[in-house]
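Reading through the structure tokens given below for one structure.
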Amino acid sequence: MATRHGAVNLGQGFPDTDGPHVLLDVAAEGLRRGLNQYAPGRGLPVLREAVARHQQHWYGLHLDSETEVLVTVGATEAIAASLLALVEPGDEVLVIEPYYDSYAACISLAGGVRRTVPLSFPDLALDITVLEAAVSPRTRVLLLNTPHNPTGKVFSPAELEVLAEVARRHDLWVVSDEVYEHLTFDGLSHTPIATLPGMAERTLTISSVGKSFSLTGWKTGWVSGPATLVSAVTAVKQYLTYVGVTHLQPAAAHGLGLPDDYFTDFAADLQNKRDVLVTALADIGIPVSPCQGTYFVIADLAGLGVTDAMTFCRELPERVGVVAIPVSVFCDDKASVASLVRFAFCKRVEVLHEAAARLRSLRTPPSRGTVS
Ligand code: PMP
């Protein structure tokens, strides 16, 4: 629809500029020097070692790159293989709602049952009593995502400790999707739940090159955790894709070793883009939930009279030339988010200004005589 209507696409979360050129050069060089055959099942050692060094450097997590890291086809495969490895038919999986759409599909593929724990709007708080009530004797996995898509919430160490305490007490595995780990704003930093006491031995941590390096098409990711869990995930991965794409792995490794400045400058640039979009929305009178990280911000269009964001978003490309995503697609409880939409701000600043100018027309009443 975006293409058909020449709309500004703030729907899908992909940047409109490529990441560091040096990574493109390393990837191209890999093709030319013959990295064109199957990589080892767990991935090239250079990338597994880079993941281990990255986790040590940024979070103080110690990993054995031989046994505790697996390279996957993006975080998407890491999520699927982890859930298929850990969830047996009838097992329950705790998911924070709204949730990234692949989670529901992968839980279903594993024969599992999802139990959702909602974040409240607009403050994005987690209700601990609801969390406790969602746990049952069949609960096996807590599936976490921080920084969180679609809300932009960065779970604080205190919130993570609440979740960790539940996981320890009920002996749950944790699958933690941290693809936005370097995209945090306002001086906040990302805490992997695996760094909390008693959690490294029960947590699979997932990330990928897509978001950290603005290379979402590379689909190269990794999962790390205890050797027994990583072996189980590897067994599944073998029959999903066998191995990941070879020549991109040294390039991903290069990215993970870039100086800290690269990551902080990138987050600062994205924070500026968030500010451009949020300020423009505020000017039009559209309130947003607090956005502490990721590519996304949630806006409440109730003030514009929107009561069905799904229909609104279907009409928006043709009506004003902008694409947004209704938050209901990330939720089981669709009624509670009926006026909410997600905007992606990982676009060039001029593109964000253009989107804002187009959205402003939503405020303009139709001129007299207009047939609508
Ligand atoms: N998890 C989340 C929360 C995401 O937003 C995305 C990308 N939209 C992914 C996983 C998928 O990452 P990848 O492209 O590396 O498979």
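Just so you know, ligand 1 is whichever comes first in the structure, and atom 1 is the first atom listed for that ligand.
The protein atom (non-hydrogen) at minimum distance from atom 7 (C) of ligand 1 is Lys211 NZ, 2.5 Å. In terms of protein heavy-atom proximity, atom 14 (O) of ligand 1 is nearest to Lys219 NZ, 3.0 Å. Among all protein heavy atoms, the one lying closest to atom 11 (C) of ligand 1 is Thr76 OG1, 3.3 Å.
Side-chain atoms of Asn149 and Thr294 form no donor-acceptor pair, as typed in the model, at a separation below 3.5 Å. Looking at Thr67 and Arg48, their side chains never bring a donor and an acceptor atom within 3.5 Å of each other. Neither side chain, Tyr180 nor Asn145, offers a donor N or O lying under 3.5 Å from an acceptor on the other.
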After noting the C-alpha distance and the side-chain angles of Phe343 and Phe296, does the key distance pass the ring pair (Phe, Tyr, Trp, His ring centres under 6.0 Å) rule?
CA-CA 6 Å; Phe343 289 110; Phe296 309 110; over 10 Å; no
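Applying the side chain to side chain donor-acceptor pair (under 3.5 Å) test between Glu92 and each of Arg115, Arg138, Arg140, Arg114 identifies Arg115 as the sole match.
Taking only nitrogen or oxygen atoms, main chain and side chain alike, Asn145 does not reach within less than 3.5 Å of ligand 1. Residue-to-ligand polar distances keep Tyr103 apart from ligand 1: every N/O pair is separated by 3.5 Å or more.
Ion pairing between Asp308 and Lys334 fails under the 4.0 Å rule for side-chain N and carboxylate O. In summary, Lys347 and Glu354 do not engage in a salt bridge, as defined by a charged side-chain N under 4.0 Å from a carboxylate O.
With a 4.0 Å cut-off on non-hydrogen atoms, Glu77 does not touch ligand 1 at all. Residue Ala75 touches ligand 1 through backbone and side chain together, judged by heavy-atom distances below 4.0 Å.
Of all the atoms in ligand 1, the ones that sit under 4.0 Å from a non-hydrogen atom of Tyr180 are 3 (C), 4 (C), 5 (O), 8 (N). Using a 4.0 Å cut-off to heavy atoms of Gly74, the atoms of ligand 1 that qualify are 15 (O), 16 (O).
The residue among Asp177, Val179, Val209 with a heavy atom at the shortest distance from atom 1 (N) of ligand 1 is Asp177.
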